[in-house]
Amino acid sequence: MTVAVYPGSFDPIHNGHLDVISRAAEIFDSVVVGVLDNALKSGLFSAAERATLVRQSLPPESRVEVAHFSGLAVSFAMAHGATVIVRGLRAVSDLDSEFQMALMNRRLEPRVHTVFLTTGFANVYLSSSLIKDVCAHGGSITGLVPPPVEAALRQRLAPATTIPAHLEEAR
Ligand code: PNS
């Protein structure tokens, strides 16, 4: 039985991540999505909120587990009996940092192997930061993120381009 973990920030999860999760679930016997709780970097959503959004975005019949973790990804993998870390690759530009991480993880824990899955063509340009930026400026993010994430983003990010009435008058 091969267990894989898919660690990431998921701030928030988008359709590119979901594509990687569903393909990982086809390949491995068990998949655990690991949402990083990073004390050094605060996200738009807390780790618990991000994990909830991942759970709400998975199909109801999904057997994929979701957990949040702090510390090393390899320790998270070992704690779940995983021998594989899955990472998604969008473009060659991702390769540099992903290669570095994979080699560091191998040095930290040689029993855990990194497996890269390419993101589906339709999702190649997606990133959580870009989606947050578009949403914050009032652009449409429909079709880029699952509905629960779209609702959460809309609620958290009021369009930054709205000009207050008293300034609007002065234009
Ligand atoms: O979604 P991201 O931000 O690209 O994911 C990066 C992540 C969470 C996979 C990476 O930062 C990570 O594994 N952090 C946990 C700490 C760790 O293991 N650091 C050493 C990795 S080489």
Side-chain angles (χ1 to χ4, degrees), residues 2-25 27-28 30-58 62 64-136 141 144-146 148-150 152-153 156-157:
T2 308
V3 181
V5 293
Y6 178 30
S9 303
F10 304 108
D11 188 39
I13 187 160
H14 56 66
N15 289 352
H17 296 130
L18 285 171
D19 179 37
V20 170
I21 293 171
S22 78
R23 278 178 311 117
I27 300 170
F28 302 105
S30 171
V31 175
V32 185
V33 176
V35 176
L36 179 66
D37 192 350
N38 190 346
L40 302 175
K41 196 173 126 192
S42 64
L44 178 64
F45 297 102
S46 70
E49 288 171 328
R50 285 179 274 135
T52 300
L53 287 173
V54 175
R55 278 188 205 102
Q56 291 174 343
S57 303
L58 293 171
S62 171
V64 170
E65 259 184 70
V66 184
H68 53 88
F69 75 102
S70 49
L72 293 173
V74 287
S75 308
F76 175 70
M78 294 302 283
H80 285 269
T83 50
V84 172
I85 288 179
V86 169
R87 292 287 291 165
L89 279 184
R90 287 164 299 190
V92 183
S93 51
D94 282 344
L95 198 59
D96 209 27
S97 56
E98 291 296 337
F99 198 69
Q100 221 179 356
M101 262 201 284
L103 290 177
M104 179 59 85
N105 282 334
R106 193 201 287 184
R107 182 177 188 276
L108 291 167
E109 181 47 82
R111 288 171 291 179
V112 174
H113 309 281
T114 300
V115 170
F116 295 115
L117 295 179
T118 50
T119 307
F121 200 59
N123 302 315
V124 135
Y125 63 100
L126 293 189
S127 76
S128 300
S129 335
L130 196 56
I131 289 167
K132 283 183 280 192
D133 189 46
V134 169
C135 186
I141 52 164
L144 307 181
V145 291
V149 174
E150 180 168 352
L153 277 171
R156 183 101 8 135
L157 296 171

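Residue numbers count from 1 along this sequence. In listed order, ligands and their atoms are each counted from 1.
Heavy-atom minimum distance, A25 versus V64: CB-CG2, 4.0 Å.
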Extract all N/O-N/O pairs under 3.5 Å that connect ligand 1 to the protein, and present each with both atom names and the distance rounded to 0.1 Å.
{"from": "ligand 1", "atom 1": "1 (O)", "to": "S9", "atom 2": "N", "distance (Å)": "2.9"}
{"from": "ligand 1", "atom 1": "3 (O)", "to": "S9", "atom 2": "OG", "distance (Å)": "2.5"}
{"from": "ligand 1", "atom 1": "4 (O)", "to": "R87", "atom 2": "NH2", "distance (Å)": "2.9"}
{"from": "ligand 1", "atom 1": "5 (O)", "to": "R87", "atom 2": "NH1", "distance (Å)": "3.3"}
{"from": "ligand 1", "atom 1": "18 (O)", "to": "A73", "atom 2": "N", "distance (Å)": "2.8"}

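With sequence neighbours left out, the ring pair (Phe, Tyr, Trp, His ring centres under 6.0 Å) criterion links H68 to no other residue. Residues passing the salt bridge (charged side-chain N to carboxylate O under 4.0 Å, His left out) test with R111 are E109, sequence neighbours excluded.
Ring pair F121/Y125: centre-to-centre distance not below 6.0 Å.
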Give every donor-acceptor pair under 3.5 Å between a side-chain atom in residues 95-104 and any protein atom, sequence neighbours left out.
{"from": "S97", "atom 1": "OG", "to": "D94", "atom 2": "O", "distance (Å)": "3.4"}
{"from": "E98", "atom 1": "OE1", "to": "R87", "atom 2": "NE", "distance (Å)": "3.0"}
{"from": "E98", "atom 1": "OE2", "to": "R87", "atom 2": "NE", "distance (Å)": "3.4"}
{"from": "E98", "atom 1": "OE2", "to": "R87", "atom 2": "NH2", "distance (Å)": "2.7"}

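Ion pairing of E65 with R55 is absent here, as no side-chain N (NZ or NE/NH1/NH2) approaches a carboxylate O to less than 4.0 Å.
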